[in-house]
Amino acid sequence: MIETTDKYGNPLSEKEIQRQIDEQKRARKMLTIRNWLNGIFIVLAVIAIVGVLMFKGGEPGLYYSYGIAVLAVIIKMVEAIFRMPGIATKL
């Protein structure tokens, strides 16, 4: 929510209001990126689980499924980095 007054009830400057708007836009952009990364993670995780259940030991498909699972975990780690406080101001 954009504040238009300070804690004493005085109106904020246009520059301060614009800073708040920019901050909200940045937060919305980060949320969109995080949602896409989570979606990719979920799809890759499901593919990996299905692959592990379908293939038997020693088959190449099983190793591909493990690779997909590792990729899914790496994507989830990147998404977790975006949740860290202050990371949005550095990007």
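For clarity, every value in this text was computed on a predicted model and none was experimentally measured.
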Show, in sequence, the C-alpha distance, side-chain angles and deciding distance for Glu23 and Arg26, and conclude whether the salt bridge (charged side-chain N to carboxylate O under 4.0 Å, His left out) test is met. CA-CA 5 Å; Glu23 185 177 315; Arg26 195 175 319 113; 5.5 Å; no

Look up atom CD1 in Ile75 and atom CH2 in Trp36, then write down how far apart they are to the nearest 0.5 Å. 12.5 Å

Can you hop from Val43 to Leu71 via hydrophobic side chains spaced under 4.5 Å? yes

With hydrophobic residues grouped by side-chain heavy-atom distances under 4.5 Å, do Val70 and Tyr63 end up in a single group? no

Find the distance between CD1 (Ile74) and CG (Leu44) and round it off to the nearest 0.5 Å. 11.0 Å

Could you pull out all residues at least two apart from Gln24 that satisfy side chain to side chain donor-acceptor pair (under 3.5 Å)? none

Hey, could you give me the CE/CD1 distance between Met30 and Ile33, rounded to the nearest 0.5 Å? 5.5 Å

Can you tell me how far apart CG (Leu37) and OG1 (Thr32) are? Round to the nearest 0.5 Å. 11.0 Å

Please tabulate, one pair per line, all N/O donor-acceptor pairs under 3.5 Å involving side-chain atoms of residues 48-62, not counting sequence neighbours.
none

So how far is it from Gln18 CD to Asp22 CG, rounded to the nearest 0.5 Å? 4.5 Å

Run the side-chain donor-acceptor check on residues 76-84: report pairs under 3.5 Å with partners two or more places apart or on a different chain.
| unit_1 | atom_1 | unit_2 | atom_2 | d |
| --- | --- | --- | --- | --- |
| Lys76 | NZ | Asn38 | OD1 | 2.7 |
| Lys76 | NZ | Glu79 | OE1 | 3.3 |
| Glu79 | OE1 | Arg83 | NE | 3.4 |
| Glu79 | OE1 | Arg83 | NH2 | 3.3 |
| Glu79 | OE2 | Arg34 | NE | 2.9 |
| Glu79 | OE2 | Arg83 | NE | 3.3 |

